[in-house]
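Single-structure report; data block below.
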There are 2 protein chains.
Amino acid sequence: MWLQVDPRSPTPVYQQIVDGIKGAVAAGWLKPGDRLPSVRDFAVSLAINHNTVAKAYQELERSRVIEVVRGRGTFVASPGQRPPPDVEERIEKLRDTLRLAWIEAYHLGLVEDEFERMFRQARDDARGGEGKEGL
Amino acid sequence: MWLQVDPRSPTPVYQQIVDGIKGAVAAGWLKPGDRLPSVRDFAVSLAINHNTVAKAYQELERSRVIEVVRGRGTFVASPGQRPPPDVEERIEKLRDTLRLAWIEAYHLGLVEDEFERMFRQARDDARGGEGKEGL
DNA sequence: GCATGTGTACTACTCGAACTAGTACACATG
DNA sequence: CATGTGTACTAGTTCGAGTAGTACACATGC
């Protein structure tokens, strides 16, 4: 299975699924129109309850990353259709994440150049990392 | 009081204290040698239990942000003395935070330039934001 | 129509982290 | 010795995450 999950992680399992799928889409590893496993199949693969998968799918649909069709399945959405209802709030949260990251970098003794390099490295990791990629 | 805390936030209260103090130090709003309130005084100001403040102080000491002297009080540490015992782990966590931030930015429809601008803005916010600063 | 597979909704329950509350202890200072 | 500091411990509450099981509504294909 291309996604793994750690039940003992402090990050909730459903959040790990959300992050994993968002990452796979951003990396191009999942493409618009691709079908995701059913909540039950996915739950068996990850050895978790199907309600946890359902919760992740609901969050992903709110984020406009996937589209759910009752009775048929869930599919990766085409990017940039319509933005999620709370974009502004999400952007604000992202701002705060970056602010806290700078503060943390300061206390870890990282100088500005190092941290900016890390920032760009993270961008490259976000698109295509994880080893296998379309070349 | 220069720090406030929201007991209904999903982020734990002790974590809010940690972030707040780290931010105040990084912004220069708290300087090395400055004394922090006692756990009990701070707890009264924030209307929380003193054990919660103590937990925050312990985390801040592990991060080498403050120094605790039993019987005397807690003080802002001088920067760059000795690094925390788990720097590598913290840096790795920071890497992952940035990677997830890029993924989130992608799904919010932010283009690279916008996100890099946001990154630099966050740096400026981290040192000196919050309105009042030493000019 | 009916069986099957899809996501959804609901209840009941377990588990662990966060937090409260209260108390006791060890150390430094005056 | 009194006071103020951080620390440690127990007991209990609260809440979110997750499990388990079931039932429902919709789409598809036989």
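Keep in mind the model is a prediction, meaning the values are calculated, not measured. Just so you know, these numbers use all the heavy atoms, side chains as well, and skip hydrogens, waters and symmetry mates.
One distance of note links CD of A:Q58 with OH of A:Y14; it measures 11.0 Å at 0.5 Å rounding. Between A:T52 atom OG1 and A:I17 atom CD1 the span is 7.0 Å, to the nearest 0.5 Å. Annotation: the span from A:D34 atom CG to A:W29 atom CH2 amounts to 10.0 Å, rounded to 0.5 Å. In this structure, CD in A:E92 is found 10.5 Å from OG1 in A:T97, a value given to the nearest 0.5 Å.
Using a 4.0 Å cut-off between charged side-chain N and carboxylate O, A:R70 and A:E61 make no salt bridge. We find that B:R117 and B:E114 are not joined by a salt bridge, their nearest charged nitrogen and carboxylate oxygen being 4.0 Å or further apart.
In terms of heavy-atom proximity, A:I103 sits nearest to B:A26 at CG2-CB, 4.2 Å.
Straight-line distance from the CG atom of B:D41 to the C1' atom of D:dT3: 13 Å, rounded to whole Å. Look at CG on B:L46: it is 18 Å from P on C:dA18, rounded to the nearest Å. In this structure, CZ of B:R40 is placed 15 Å from P of C:dA21, rounded to the nearest angstrom. Spacing between atom CZ of A:R62 and atom C1' of C:dT8 amounts to 13 Å, rounded to whole angstrom units. Atom CG in A:L36 sits about 19 Å away from atom P in C:dG5, given to the nearest Å. A:R8 places its CZ atom 13 Å from the P atom of C:dA17, with the value rounded to the nearest Å. Summarising the geometry, the separation between CD on A:E61 and C1' on C:dG7 is reported as 10 Å, rounded to the nearest angstrom.
Pair assignment for C:dG7: D:dC24, on the basis of Watson-Crick or G-U wobble contacts that are both within less than 3.5 Å. Across all strands shown, C:dG30 forms a Watson-Crick or G-U wobble pair with D:dC1, both key distances being under 3.5 Å.
The phosphate of D:dT5 has OP1 or OP2 within less than 4.0 Å of a side-chain N or O from B:S38.
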Original post:
What string of B, S and - do you get for nucleotides 12-20 of chain D, 5' to 3', when a contact is any protein heavy atom under 4.0 Å?
Top reply: -----SSSB

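Residue-level contact check: A:R35 touches the backbone only, with heavy atoms under 4.0 Å from sugar-phosphate atoms and none from bases.
If you run side chain to side chain contact (heavy atoms under 4.5 Å, CB included) between A:I91 and each of A:E89, A:R95, A:K93, only A:R95 comes through.
A:F115 is not listed as a side-chain neighbour of A:Y106, based on a closest heavy-atom distance of 4.5 Å or more.
If you check residues 64-77 of chain B against DNA chain C, the residues with a heavy atom closer than 4.0 Å are B:R70, B:G71, B:R72, listed by number.
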